[in-house]
Amino acid sequence: MMQISSADVIGTGLVAPPSNCTTNAHDVAEAARLQARLSSQQSSSCTSRGGDSSDDTIPSVSIDEGAHKYVLMTAYTPGAPSSSSRKRTFVYSKQGADYHRNVAEYLLPMLERSGYYDILITGGGRIIKDSSKNYIKIFGYSYGFGRADHQLAVEVVRESNLFNGYNLLWSNDGY
């Protein structure tokens, strides 16, 4: 694997993470490449889009048990851009994801295969899910994608009805 130092991100607009966190300069650069790819796809003007026309095949929320990194993503439902297409917001955490981009890389192919378009990774953070206590806390930030709107993430989780009876909390504190 190619080694990238903090010096490699100087002048790129990326922020090199401190040495005491799990994110490294390579991950920040990979997250930026992923964002750039998504941005370039947004600017392409396709009039017809393939994929499954059902926008309910991909759940808007997937939260693994425990403490994990998460991403907040938005995308428009399959079909040609029109009044029938709608924007959806996704909250995904993934056990074993070393970096926020790993969570995004899990969800992104599902969205693309299903015909979603104008996909954005709006930010990231961490989620703690403790089913034994009916508790979910959303907080922190991602060096690669920035801080997610945790209040919005909680609203999406609540609206999913997957965690009825859970105490849903959010905070901008912590990493």
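Please read these numbers as outputs of a predicted model, since none were measured by experiment.
- Residues Thr77 and Tyr117 form no side-chain contact, since every pair of their non-hydrogen atoms from C-beta on lies 4.5 Å or further apart.
- In terms of modelled atom types and a separation under 3.5 Å, the side chain of Lys69 and the main chain of Asp98 share a donor-acceptor contact.
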Under 3.5 Å, sequence neighbours excluded: what are the donor-acceptor pairs made by side chains of residues 153-162?
from   : atom 1 : to     : atom 2 : distance (Å)
Ser160 : OG     : Val157 : O      : 2.6
Ser160 : OG     : Leu162 : N      : 3.2

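- A distance of 7.5 Å separates OG in Ser93 from NZ in Lys129, rounded to the nearest 0.5 Å.
- Considering every non-hydrogen atom in both Asn167 and Leu169, the closest pair reads OD1-CD2, 3.6 Å.
- The two atoms that bring Thr89 and Ser60 nearest to each other are O-CB, 3.4 Å, heavy atoms only.
- A heavy-atom distance below 4.5 Å is not found between the side chains of Tyr92 and Val61.
- In plain terms, the two heavy atoms of Pro78 and Ser114 that are nearest each other are CG-O, 3.0 Å.
- Within 6.0 Å of OH in Tyr106 there are 12 or fewer heavy atoms belonging to other residues, nucleotides or ligands.
- Between Gly123 and Ala148 the shortest heavy-atom distance is C-CB, 3.6 Å.
- Linking ILVMFWY side-chain heavy atoms closer than 4.5 Å, directly or via other members, places Leu108 and Phe145 in a single hydrophobic cluster.
- In this structure the side chain of His150 reaches within 4.5 angstrom of the side chain of Tyr70, judged on heavy atoms.
- Separation of atoms OH (Tyr76) and CG (Leu120) is listed at 8.5 Å; rounding is to 0.5 Å.
- Counting only heavy atoms from C-beta outward, the side chains of Leu107 and Met73 approach each other to under 4.5 Å.
- Tyr141 and Val91 fall into different hydrophobic clusters, where Ile, Leu, Val, Met, Phe, Trp and Tyr residues are linked whenever their side-chain heavy atoms come under 4.5 Å apart, directly or through other members.
- At least one side-chain heavy atom of Leu72 sits less than 4.5 Å from a side-chain heavy atom of Leu152.
- Tyr166 meets the side-chain hydrogen bond (donor to acceptor under 3.5 Å, both in side chains) test with Ser131; sequence neighbours excluded.
- Interatomic distance, CD1 of Ile138 versus CG of Asn172, reported as 11.5 Å (0.5 Å rounding).
- Using modelled atom types, one finds a donor on one side chain and an acceptor on the other under 3.5 Å when comparing Tyr116 with Arg88.
- Follow the hydrophobic side-chain contacts under 4.5 Å out from Trp170 and you never reach Phe139; the two are in separate clusters.
- Evaluation of the side-chain hydrogen bond (donor to acceptor under 3.5 Å, both in side chains) rule for Asp130 yields Ser132 as partners, not counting sequence neighbours.
- Atom-to-atom distance recorded for Met110:CE and Ser62:OG is 7.0 Å, nearest 0.5 angstrom.
- Judged as a salt bridge (charged side-chain N to carboxylate O under 4.0 Å, His left out), and not counting sequence neighbours, the contacts of Glu105 are Arg101.
- To the nearest 0.5 Å, atoms CD (Gln95) and NE2 (His68) are separated by 4.5 Å.
- In this structure, CZ in Arg113 is found 10.0 Å from OG1 in Thr57, a value given to the nearest 0.5 Å.
- The closest side-chain heavy-atom distance from Ile136 to Ile127 is below 4.5 Å.
- Side chains of Lys137 and Ser171 form a contact here, defined as non-hydrogen atoms less than 4.5 Å apart.
- Residues Phe90 and Leu111 have side chains in contact (heavy-atom distance under 4.5 Å, counting atoms from C-beta outward).
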